[in-house]
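Worksheet for the structure shown next.
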Amino acid sequence: VDDKAVVWVVPQTDMPRLTEVTAKCLECNEIESNVEVGCLYVARQGNTRVRVRVLKSLEDGTFYATIVDSGEVLICNGDSLFKASRALLHIPPLAVPLKLYGVKKAVGDIGEYIHEDITGPRLGLVTVMVLEENVTALPLPAHVLFAKSGSRCGGNLAFTMLSKGLVRVIT
């Protein structure tokens, strides 16, 4: 879940491709000398590397970016951005942005309130139900159901976020 209350999911069928992308990112070693907003790069994140799209250049020389294969936000230094290989540029982003249907953000900085119980690996596998056909813009309007206590559809993410006061019902 990002700071605009957009939920990012990676289809289960793309998980093998995610492993391939991660391996190809490790091969990118040429530091990008001319970082441009809107472009795709490979960024160092700890001991690994990920594909990022730079969204904004910050005043202190760092860059605000999103990881295109998970939807996570990242602040990175220019010296940790590498040129993406041609092969990586031809693989579309794996994370799909979703707008929780019927709710909108209710707090200023939702990132302060997001906890592990409603995001990341603890949420586990989710079932996504896109509510409109032939949608041409992202994020997709959807319900996101997640497993809870072994149940296949144990909870609704929008309802869970609503009960925590993070979103409110659109009236």
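Only a predicted model underlies this, so the values are computations on that prediction, with no experimental measurement involved.
Nearest heavy-atom pair, Gly78 versus Phe63, reported as atom, atom and distance to 0.1 Å: CA-CE1, 3.8 Å. Contact record, Glu32 with Asn34: OE2-N, 3.1 Å, taken as the closest heavy-atom pair. Of all non-hydrogen atoms in Ala65 and Cys76, the two that sit nearest each other are CB-SG, 4.4 Å. Nearest approach of Cys25 to Val42, heavy atoms of both residues: O-CG1, 3.7 Å. The nearest pair of heavy atoms linking Asp69 to Val10 is O-CG2, 3.2 Å.
Val167 and Phe146 fall within a single hydrophobic cluster, where Ile, Leu, Val, Met, Phe, Trp and Tyr side chains are chained together by heavy-atom contacts under 4.5 Å. Connection of Leu157 to Leu166 is established within a shared hydrophobic cluster, with ILVMFWY side chains joined at heavy-atom distances below 4.5 Å, either directly or through further cluster members. Val6 and Val126 fall into different hydrophobic clusters, where Ile, Leu, Val, Met, Phe, Trp and Tyr residues are linked whenever their side-chain heavy atoms come under 4.5 Å apart, directly or through other members. Linking Ile, Leu, Val, Met, Phe, Trp and Tyr whenever their side-chain heavy atoms come within less than 4.5 Å puts Val144 and Leu162 in one cluster. Residue Leu138 is grouped with residue Val7 when hydrophobic side chains (ILVMFWY) are merged at heavy-atom distances under 4.5 angstrom, including chains of intermediate members.
One distance of note links CG of Leu74 with OH of Tyr64; it measures 10.0 Å at 0.5 Å rounding. Between Tyr41 atom OH and Arg51 atom CZ the span is 14.5 Å, to the nearest 0.5 Å. Considering CZ of Phe82 and CG of Leu26, their distance stands at 10.5 Å, rounded to 0.5 Å. How far CG of Leu81 is from SG of Cys39: 11.0 Å, rounded to the nearest 0.5 Å. Rounding to the nearest 0.5 Å places NE2 of His143 at 6.5 Å from CG of Asn156.
With sequence neighbours left out, Thr62 forms a side chain to side chain contact (heavy atoms under 4.5 Å, CB included) with Leu58, Asp60, Ile75, Asn77.
A donor-acceptor pair under 3.5 Å is absent between the side-chain atoms of Thr48 and the main chain of Gln45, judged by distance alone. Arg49 places no side-chain N or O within 3.5 Å of a backbone atom of Arg44 that could act as its donor or acceptor partner. A side-chain donor-acceptor contact under 3.5 Å links Thr66 to the backbone of Glu72.
Contact check for Val128 versus Leu140: no side-chain heavy atoms found under the 4.5 Å cut-off.
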Output a table of donor-acceptor pairs, distance under 3.5 Å, between side-chain atoms of residues 88-108 and any protein atom two or more places apart or on a different chain; print 'none' if there are none.
{"from": "His90", "atom 1": "ND1", "to": "Arg86", "atom 2": "O", "distance (Å)": "2.8"}
{"from": "Lys99", "atom 1": "NZ", "to": "Val103", "atom 2": "O", "distance (Å)": "2.1"}
{"from": "Lys105", "atom 1": "NZ", "to": "Asp3", "atom 2": "O", "distance (Å)": "3.0"}
{"from": "Lys105", "atom 1": "NZ", "to": "Gly108", "atom 2": "O", "distance (Å)": "3.0"}

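Screening Glu27, Glu30, Glu36 for a salt bridge (Lys or Arg N to Asp or Glu O under 4.0 Å) with Lys83, the sole residue that qualifies is Glu30.
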